[in-house]
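Every heavy atom of this structure was used, including side-chain atoms; hydrogens, water molecules and symmetry mates were not. Throughout, residue positions are numbered sequentially from 1 according to the sequence presented.
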Amino acid sequence: MKASIIMGSDSDWPVLKPGYDLLKQFGIEAEVVVASAHRTPAKVKEIVTTAPERGVGAFISAAGAAAHLGGVIASYTTLPVIGVPINATSLNGMDALLSTVQMPSGIPVATMSINGAKNAAIFIAEIFALSDKDIKEKLVKYREKMVSDVEAKAKRVEQQLNKD
């Protein structure tokens with residue numbers, strides 16, 4: 001299975017690239033597409049409705065401002081859709097967050113934090129890990145590394161305190 005990352009604008013890519021890189025780290029292939037819910041709705045529909053043929057198992061949707069992209073994607077599929085609100089306006093992403101999270105009953109979009117592409121990638125890995133032992137093992141190792149990284153940081157702070 002692979003993920004489909006759909007962003008409303010190419011300006012969203014710097015926010016999404018760390019999530020894309022994390023998907024690759026977990027061994028998950030990802031397609032990356034720029035398509036707008038408002039400016040290219042036919043393209044969005046085509047990408048979503050043909051996704052199963054391409055082996056897509058879940059979507060990451062990223063958009064700023066009104067952020068309707070996640071809802072439009074979800075309206076065309078029963079595959080999981082994970083929304084990443086983008087900080088793209090003077091409202092610091094709150095408009096995108098509220099637009100993404102306030103979906104009508106029956107058309108869910110799992111919503112990450114503003115600019116939360118890495119968590120979206122981890123969430124897809126968790127979904128795929130339900131049926132893929134290799135991804136599950138990589139997730140366990142990823143979590144173990146997080147623990148050791150925090151312990152190393154704590155040790156550095158403790159050493160600095162002991163010097164003072």
Side-chain angles (χ1 to χ4, degrees), residues 1-41 43-48 50-52 54-74 76-77 79-101 103 108-130 132 134-150 152-153:
M1 258 191 288
K2 68 179 170 181
S4 181
I5 300 173
I6 305 177
M7 65 193 92
S9 172
D10 64 337
S11 63
D12 301 332
W13 179 239
V15 172
L16 292 169
K17 188 170 183 325
Y20 173 81
D21 292 342
L22 196 51
L23 286 170
K24 288 190 335 188
Q25 183 179 327
F26 290 131
I28 298 170
E29 182 184 347
E31 63 181 27
V32 178
V33 179
V34 176
S36 167
H38 301 107
R39 295 180 295 275
T40 60
K43 181 178 181 181
V44 172
K45 182 179 181 181
E46 176 71 15
I47 291 163
V48 175
T50 62
R54 296 189 312 281
V56 171
F59 294 91
I60 293 175
S61 162
H68 294 125
L69 185 57
V72 170
I73 292 169
Y76 291 123
T77 187
L79 295 172
V81 179
I82 301 151
V84 177
I86 301 292
N87 178 0
T89 70
S90 61
L91 296 175
N92 298 318
M94 288 301 296
D95 47 349
L97 173 65
L98 294 173
S99 294
T100 304
V101 78
M103 290 303 301
V109 174
T111 306
M112 300 296 116
S113 61
I114 296 168
N115 292 350
K118 287 176 93 173
N119 274 350
I122 293 167
F123 195 57
I124 283 183
E126 291 173 342
I127 293 168
F128 289 3
L130 292 171
D132 187 317
D134 290 338
I135 294 172
K136 184 173 184 172
E137 286 178 27
K138 289 175 183 175
L139 274 168
V140 168
K141 288 180 181 171
Y142 181 82
R143 291 276 180 102
E144 289 170 351
K145 183 177 180 330
M146 285 176 39
V147 169
S148 65
D149 288 350
V150 170
K153 291 174 184 180

Would you mind writing out the side-chain donor-acceptor pairs for residues 13-21 within the sub-3.5 Å range, not counting sequence neighbours?
from, atom 1, to, atom 2, distance (Å)
K17, NZ, D21, OD1, 3.0
K17, NZ, D21, OD2, 2.9

How many angstroms lie between CD1 in I122 and CD1 in I127, if you round to the nearest 0.5 Å? 12.5 Å
Please report the closest heavy-atom contact between G116 and V84, naming both atoms and the distance. N-CG1, 3.5 Å
If I take atom OG from residue S61 and atom NE2 from residue H68, how far apart are they, to the nearest 0.5 angstrom? 11.5 Å
side-chain contact (heavy atoms from CB on, under 4.5 Å) between L69 and V44, intermediate numbers included: CA-CA 8 Å; L69 185 57; V44 172; 3.9 Å; yes
Minimum heavy-atom distance between I28 and A125, given as atom pair plus value: CD1-CA, 3.7 Å
Atom CG in N87, atom CG in L97: separation rounded to 0.5 Å? 11.0 Å
Report yes if the side chains of R54 and I47 come closer than 4.5 Å at any heavy-atom pair, otherwise no. yes
Of the non-hydrogen atoms in F128 and A3, which two are nearest, and what is the gap between them? CE2-N, 4.3 Å
Verdict with supporting geometry, M94 and I114, side-chain contact (heavy atoms from CB on, under 4.5 Å): CA-CA 8 Å; M94 288 301 296; I114 296 168; 4.0 Å; yes
Nearest-0.5 Å distance that lies between atom CD1 in I124 and atom CD1 in I60: 4.0 Å
Here the pair of heavy atoms bringing S99 nearest to M103 is O-SD, 4.3 Å
K145 and D149: CA distance, side-chain angles, deciding distance, salt bridge (Lys or Arg N to Asp or Glu O under 4.0 Å) verdict: CA-CA 6 Å; K145 183 177 180 330; D149 288 350; 2.9 Å; yes
Any idea which heavy atoms bring V81 and G70 closest together, and the distance? CG1-O, 3.8 Å
Rounded to the nearest 0.5 Å, how far apart are CD1 of I5 and CG of D12? 11.5 Å
So does V109 get a backbone contact from the side chain of T111, meaning a donor-acceptor N/O pair under 3.5 Å? yes
Closest non-hydrogen atom pair between A88 and G64, with its separation: CB-CA, 4.1 Å
In Å and rounded to the nearest 0.5 Å, what is the NZ to CG distance from K136 to L130? 8.0 Å
Please test K43 against V33 for side-chain contact (heavy atoms from CB on, under 4.5 Å), starting from the C-alpha separation and ending with a verdict. CA-CA 10 Å; K43 181 178 181 181; V33 179; 4.1 Å; yes
In the structure I gave you, are the side-chain heavy atoms of V32 and M7 within less than 4.5 Å of one another anywhere? yes
